Structures are given as C-alpha cells and as structure tokens.
Protein chains: 2
Amino acid sequence: MASEFPSPLLDRLSFLLGKLYFRGLDAETDELSALNLGVKQHAALGVLTREDPMTQQELGHRMGIDRTTIVAVVDDLDEQGLVERRRSPADRRAYLLTVTPSGRDAEERGRHRVAEAEDRLLGALDEPDRTRLRELLVRALGGG
Amino acid sequence: MASEFPSPLLDRLSFLLGKLYFRGLDAETDELSALNLGVKQHAALGVLTREDPMTQQELGHRMGIDRTTIVAVVDDLDEQGLVERRRSPADRRAYLLTVTPSGRDAEERGRHRVAEAEDRLLGALDEPDRTRLRELLVRALGGG
DNA sequence: TATTGTTATACTCTATAACTATA
DNA sequence: TATAGTTATAGAGTATAACAATA
C-alpha cells in the first residue's frame, strides 16, 4: 500500500518516478536474465531491429548512452551472435551494426517478457489507466 | 518533441519513467544547490519536519536508504545546523533526530523550489493532467 | 585536424563487512 | 548475542582522457 511511504515523499514527483522506475527495472532485469540479455542489450536490439544498419555512435545517441558505454553493450550482443559488426564501406573507422536472425528472435522473446514485467508493475491499474499513464509520460517527455 | 526518441524505447515503460525521473532529478538538484541542499538532504528534512523525533535507521527505512548511506546525509544536515542529533534516553546507542527552526525554514524554501522544478518538468501537461499523472503513479506504487 | 571505436582511469552511488558502544 | 551508528572497502554504473586507425 502507498501508505508505507511518508507523505512528504509521495508529494515528490521524482520520488514517485524513481520508485516505479527502479521497481520496473528490477523486474525487467529478472525477466531478461533468463534470455542472457541485459536491459540495455535488449533495448539496443529493439532499436536495431527497426532501424539497422546503424553505427555504434548512432545507436548510443538514440539510446542516450555515451559512445564509450555502448561498446560493452555491443560486445555482448556480438559475442552472442545477436548483432554483426561490419566495417562501413563509406567510412572504414565506423562499424555498421545489423541484427542477425537469432537477434531478431531474441528481441521478440525479450519484448514479450518485458511486457509481462510491465503488466505486473502496473498490476494496480486497469487497462485504460495503464494506457493513460504511458500517454501522459510520453507527452511530458515530449514537451520538456 | 517525443519523436526524438526511437519508438522501441517509447514503448518501454522503464525508459519513459527513467527519462522523466533523471530529468526531474537534475532539475531538483539544480534548484536545491542554491540552498546548499542535496536532493536526499531535502527529502530527509521533509520527512523529519513531519515526523521527528526519529532515529537514523528509522529515517533511512522511511526513505528506502541503507543505514550506512544515511550517515553522510545526516552529517550534512547536522553540520549546517538543520537537524540535531541527541542521544536517545531510552537507548543510548541511537540518536534521536530533530529538525531545528532553520531546518524547517530550509525545508520550506526547498519545497517551493522543488515545486517549481516539477512544474517545469511537467510543462507540457495542463494542471488536470499533472494531477492525473501523480495520482496514477501513487496508485501504481500502492498496488505493486 | 577531426572522428570512430577502444581502453584505461576516475568518479559517483550504494551496499557489505567489520568496528565501538551500548543493550 | 544483538543492535545503532560509523568507517573502510568493494562493486556497479557511467563519464573523461588518451590512443590507433581512418577521414
């Protein structure tokens, strides 16, 4: 119940957002660990599945992650054969990342698991309210 | 605009929550730095203002923070004269924390600044939608 | 000179282990 | 023995600086 939290904190938007965020992150981490995927790894697969080929820096930029941080994420996916690094013909410094068939498979299975985790996270809300919450978050982000 | 984010990430609840959370945290940090207050320090003042006296462990428990982490927070508030540590007569191992008058003052000034930061964070939403968002977050947290 | 990917390094945040003084 | 507060330490996460290859 919400009453477990002190009311001065419940008034604080960042407290509410943070609590739900970390709770959701933990749930997703658990779900995806069964597929040997980190949350960042799966998110990267999701971006690449829709928008590959793409360089590492583009991927990092899309995800709001530094280029030095994306290296380990792509290393992971590469080692598992979920993405391929190919040298860009146009710029041989850069890699072009593409998702492999098994990468697409892993992305989809992970997506279903993440959806389950989110359903549990929002278990207290009915379907219209879940949609409303998502919509409000997207709108809040878009305007800031 | 929301379109700056890849749609696979916008589908992801933890991405939305995290983006807004960290954006809000940065804004609060900026606002409170003018008062020489960290976000955790101000949140602690808020809890103590309503519920002191309280031991450090109780404070940490209320905030979801480890007892080893709360030490530095209280050190900070203590050094600035915003809270007082007094030995509990009932258990001389424990401190009883109380907010000083200047601590109450700092809490209130910080609260107004945090409210301004939150208003800017939700600038894209009208007043009813801001209330709706808070209410949905509280309900989501309460049921999980 | 500037940029991509990479590595080494530093910094922040938080938790675990071990200490002290009490209980 | 157990617990409140404290400190030292280690771990995760991320960013800055510097390097090699390429532009």
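Atom set for the values below is all heavy atoms of this structure, side chains included, hydrogens, waters and symmetry mates excluded. Just so it is clear, the model here is predicted, and its values are computed rather than measured. Convention: sequence-line order gives letters A, B, ...; per-chain numbering from 1.
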Write down the distance between CD1 (A/Ile65) and C1' (D/dA15), rounded to a whole number of angstrom.
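Between C1' of D/dA15 and CD1 of A/Ile65: 13 Å.
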I need the CZ-P distance between A/Arg92 and C/dT3, as an integer number of Å.
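Spelled out: CZ on A/Arg92 to P on C/dT3 is 20 Å.
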Quick one: does B/Lys19's side chain get under 4.5 Å of A/Leu17's, heavy atoms only?
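Side chain of B/Lys19 against side chain of A/Leu17, heavy atoms only: no contact under 4.5 Å found.
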Which ranges of DNA chain C pair up as stems, where a stem means three or more consecutive Watson-Crick or G-U pairs with both distances under 3.5 Å?
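So far as stems of 3 or more pairs are concerned, DNA chain C shows C:1-23 with D:1-23.
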Closest nucleotide among [options] to the [X] side chain:
X: A/Thr68; options: D/dT6, C/dG5, D/dA15; value: D/dA15
X: A/Asp91; options: D/dT16, D/dT22, D/dT6; value: D/dT22
X: B/Gln57; options: D/dA4, C/dA23, D/dT14; value: D/dA4

Record whether the side chain of B/Arg93 comes under 3.5 Å of the base of D/dG5 through a donor-acceptor pair of N or O atoms.
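Not at all, since no donor on one side and acceptor on the other fall under 3.5 Å apart.
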Quick one: does any side-chain atom of B/Arg86 pair with a main-chain N or O of B/Tyr95 as donor and acceptor, under 3.5 Å?
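No: the side chain of B/Arg86 does not pair with the backbone of B/Tyr95.
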Answer yes or no: is there an ion pair linking B/Asp11 with A/Arg134, defined by an N-O contact shorter than 4.0 Å?
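Result for this pair is no, no salt bridge flagged.
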Is it true that A/Arg132 and A/Asp129 have a side-chain N and a carboxylate O under 4.0 angstrom from each other?
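Yes, this pair counts.
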[X] side chain N/O closer than 4.0 Å to the phosphate oxygens (OP1, OP2) of [N]?
X: B/Thr69; N: C/dA15; result: yes
X: B/Lys40; N: C/dC13; result: no
X: B/Arg85; N: D/dT6; result: yes

Check every strand shown and say whether A/Thr55 touches a base, only sugar-phosphate, or nothing at a heavy-atom separation below 4.0 Å.
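Here A/Thr55 touches the backbone only, sparing every base.
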